[in-house]
Protein chains: 2
Amino acid sequence: MPEYRQVYISEIKNYEAQRVCLKGWLYNKRSSGKLHFLQLRDGTGIIQAVMFKGDVSEEVFATADRIAQESSIEVYGIVKQDKRSPIGFEIGVENLKLVSEAEEYPITHKEHGVAFLLENRHLWLRSPRQHAILKIRHQIIKSIRDYLNNRGFLLIDSPIFTPAACEGTTTLFETGYFDEKAYLTQSGQLYNEAAAMAFGKVYCFGPTFRAEKSKTRRHLTEFWMVEPEMAYYDLNMNMDLAEDFVENIVQSVVQNNTRELEILERDVSKLENIKKPFPRITYTEAVELLKSKGKEVQWGEDFGGDEETVISESFDKPVMIHRYPAGCKAFYMKEDPKNPELALCVDVIGPEGYGEIIGGGQREDDLDVLLKKIKEHNLPQEAFEWYLDLRRYGSVPHSGFGLGIERTVGWLCGLHHVRETIPFPRMMERLRP
Amino acid sequence: MPEYRQVYISEIKNYEAQRVCLKGWLYNKRSSGKLHFLQLRDGTGIIQAVMFKGDVSEEVFATADRIAQESSIEVYGIVKQDKRSPIGFEIGVENLKLVSEAEEYPITHKEHGVAFLLENRHLWLRSPRQHAILKIRHQIIKSIRDYLNNRGFLLIDSPIFTPAACEGTTTLFETGYFDEKAYLTQSGQLYNEAAAMAFGKVYCFGPTFRAEKSKTRRHLTEFWMVEPEMAYYDLNMNMDLAEDFVENIVQSVVQNNTRELEILERDVSKLENIKKPFPRITYTEAVELLKSKGKEVQWGEDFGGDEETVISESFDKPVMIHRYPAGCKAFYMKEDPKNPELALCVDVIGPEGYGEIIGGGQREDDLDVLLKKIKEHNLPQEAFEWYLDLRRYGSVPHSGFGLGIERTVGWLCGLHHVRETIPFPRMMERLRP
């Protein structure tokens, strides 16, 4: 047997006219008496391998004829330019080795219901559409980390096990922790604040958890969030950073994921348009906007998914809504010195109806105001003594925000539902596989 | 007031002879009648700010005299070269603004007990030693992600909530999940295997959990792990990758963290020495080695911390121990075709007594053998049907490993105990702050 170099489909263009070995799975097949067109996938791409009856042994030709979709195979052959191929090349097959013959594959090239696909998520991942989504997810996460690492932010992995609830207990997952109880984190923010006082600019990036008893297209029980936190940043600096951050993520996907956006039939012009500056409106202006669109909304109420959708559809860029009523927001948000009824917070609502992708704000840095807020919110002061210490020992103005990964993936991929934005989604009624 | 440019200490060398504003905290202070030497930290470094009585207002001089360690301050002045300074520059102070006056700081520049420091972890993070450790942690994580991203690995965030136990239930954290129970993941491997069949080369990187009722210097209840998994990789390819991966991580720290390693008084020559090839010995050879060192150990028993330490001290590089008795290892490890009593697995033991840093191996790809193993381990087959599907639909040889971040940080920083290797450690008796 001649020598074959083992390569991946993604690097095939470097091996024109050379003998290669590709190891992967049979993705699809078309045959005519003397010819098999085998679609081979190896995780990095799909290539057509053309097998002529006369070029291989009878046994090999019969094997190719018999084997079902997703059988694992090694294909040996010569790389040939092919202008009709989406990747520009095909393989002229000289030999094929069957690694493992697949049973009849449950996910055919026809349409399937979502419940069935979710039940078979471990196999569904093999489809080109899921490839495109998870490659874009990978790029989003990479661009986030690169952005922050290149700007002097230190990664601070905040704890998952926390002793106290930060924003109420109703949506917390609880676990026994030896002789006491622990809760799964909903946000690393409080810990981030401690780290920002030590390191200036920090971020945490990990899974967060919400036991929400709601089945909406925007909620997972387990989702990933990146949270930058900066000492000596006020609300405006925080908004400037969030804006630049989002532009950077979106443009990195536009630049690096052309093929994936094509597979998803995403309107790329809508993403190319996501450039600074983003519109900034106050909560009060957002209420006026909603009223003008016929929405009944009372000043003082928080916005829900419906309101976010209406606001979102009024702009072709993310909208930054700042200065919500303090009553809508968590205890740690700083009061607006010009109007203590308002919090110096900001939510960023994605365009095209994709909802809130960022929530953040300036943190209360005054010890006495914070003590008052903890009482007003009926929180146990004792649990927050360490957090209060950050105001006792060198308090500084500081701000930060959290960006939800799955919602960002959903937006950039143009997905109606977040369930496809993470490899193994966890929802109220979905804990498997 | 003249114009001052706001900068970070880490970039001070670009501003020689210029007016700058530094925002940070008073780290330390030395005074003599007409002079204050203020050590200012801003998270990116520490710089000396020299204040002459005649150069500032009386009020400012008195403030500098009065304020305690960790008070937050803004320092305005001129950048001057100073050869005695570790960073080569100091500030000639023209003005100082007190942001917030600190109460008496609990962590002084004297020695404190570890229990006290852990209780005040939110403040302890501000110390130069903790800075050095967490900067090295950051670099380790960055180099891991860069390494894998640059080599075609796709990030697959595996789920934290899992429905079934992968390696026994005694060390699992359990949580209510609506009407059923969920367990916190101990490893993303099984999910990784599904993803490797879809994408070829993948990795997951997230927190993992073990409810271990042991208080050793090597155990946290919550720790981070990176787990690469590769289709069409056998044990040897897996070991080659692990070796190259570890060399790369160690050398990236040697190159990028000179200052931090110095602060930690780490013997850098020991790290510079971590170059391929690493010694590879079989489990059976390791047993012989232990016996020759006077350790009583029976062939067939797994190694504990003591054995790992003895093996580790026999080499100046990480040791790769392969082919343990199948009985010591999880059900999914592939049998050695040359001797079914052995598993095609590998543990990598760090040098200098730092224990196991990698565990991995080739996975069982034969459906029938895997079914047999699941029965032998008394595992519920039903829970593993999706995992068995990976052998029904295009099974291929595949391998992977997991590297523990905290143990790696401990090793490279030269720390006796893992508790300082993560921002907020979680141990059997430590859930706060």
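Chain identifiers are assigned alphabetically (A, B, ...) following the order of the sequence lines, protein sequences preceding nucleic acid strands; residue numbering begins at 1 within each chain. Remember, it's a predicted structure, so these values are computed and weren't measured experimentally. Computation of the quantities below employed the complete heavy-atom set of this structure, encompassing side-chain atoms and omitting hydrogens, waters and symmetry-equivalent molecules.
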Name the member of [options] that forms the most heavy-atom pairs with chain B at distances under 4.5 Å.
options	result
A:Val202, A:Asp146, A:Leu155, A:Asp366	A:Leu155
A:Leu134, A:Ile67, A:Asp42	A:Leu134
A:Glu101, A:Lys142, A:Met428, A:Glu74	A:Met428
A:Ser71, A:Ala383, A:Ser100, A:Ala211	A:Ser100
A:Leu367, A:Asn149, A:Ile405	A:Asn149

Pick from [options] with the largest number of heavy-atom pairs that fall under 4.5 Å of chain A:
options	answer
B:Ile141, B:Asn120, B:Thr44	B:Ile141
B:Lys23, B:Glu70, B:Gln6	B:Lys23
B:His131, B:Glu174, B:Lys135	B:His131
B:Glu104, B:Glu119, B:Glu385, B:Glu193	B:Glu104
B:Ser10, B:Gly43, B:Gly152	B:Gly43
B:Lys213, B:Arg121, B:Arg137, B:His138	B:His138

With a 4.5 angstrom heavy-atom cut-off, which part of [X] approaches chain A: side chain, backbone, both or neither?
X	result
B:Ala68	neither
B:Leu26	neither
B:Glu429	neither
B:Phe153	backbone
B:Leu154	both
B:Arg145	side chain
B:Leu123	side chain
B:Ser395	both
B:Glu212	backbone
B:Arg41	side chain
B:Ile73	backbone

Roughly how far apart are [X] [atom1] and [Y] [atom2], rounded to 0.5 Å?
X	Y	atom1	atom2	value
A:Thr175	B:Leu184	OG1	CG	5.5 Å
B:His122	A:Asp389	NE2	CG	3.5 Å
A:Phe178	B:Arg430	CZ	CZ	13.5 Å
A:Ser158	B:Ile422	OG	CD1	9.5 Å

Salt bridge (Lys or Arg N to Asp or Glu O under 4.0 Å) contacts in which one or both residues fall within residues 194-207 of chain B, not counting sequence neighbours: none
Just say parallel, tilted or perpendicular for the rings of A:Phe424 and B:Trp386, cut-offs at 30° and 60°. tilted
Can you list the residues that meet the ring-ring contact (aromatic ring centres under 6.0 Å, His included) rule with A:Phe209, with sequence neighbours excluded? B:Phe161
Side chains of B:Pro106 and A:Tyr393: does their closest heavy-atom pair fall under 4.5 Å? yes
Just checking, is any N or O donor in the side chain of A:Thr221 or B:Tyr177 under 3.5 Å from an acceptor N or O on the other one? yes
[X] versus [Y], closest heavy-atom pair with distance:
X	Y	value
A:Glu222	B:Pro159	OE2-CA, 3.1 Å
A:Leu125	B:Ala198	O-CB, 3.6 Å
B:Val396	A:Val99	CA-CG1, 4.3 Å
A:Ser72	B:Tyr232	CB-OH, 3.5 Å
A:Ala102	B:Gly394	CB-N, 3.8 Å

Take B:Arg432 and A:Glu180 through the salt bridge (charged side-chain N to carboxylate O under 4.0 Å, His left out) test and state the conclusion after the steps. CA-CA 12 Å; B:Arg432 297 181 170 78; A:Glu180 54 182 327; 3.3 Å; yes
If you count the non-hydrogen atoms of other residues, nucleotides and ligands that lie under 6.0 Å from CG in A:Asp179, is the total more than 12? no
With A:Pro207 as partner, the option from B:Ile160, B:Asp157, B:Thr185 fulfilling side-chain contact (heavy atoms from CB on, under 4.5 Å) is B:Ile160
If you apply the rule side chain to side chain contact (heavy atoms under 4.5 Å, CB included), what do you find for B:Trp25 with A:Met197, and how did you get there? CA-CA 9 Å; B:Trp25 295 264; A:Met197 300 303 133; 3.7 Å; yes
Aromatic ring proximity, centroids under 6.0 angstrom, B:Phe205 and A:Trp224: no
The test is side chain to side chain contact (heavy atoms under 4.5 Å, CB included); show your working for B:Phe199 and A:Arg126 and say whether it passes. CA-CA 7 Å; B:Phe199 297 100; A:Arg126 303 181 185 187; over 6 Å; no
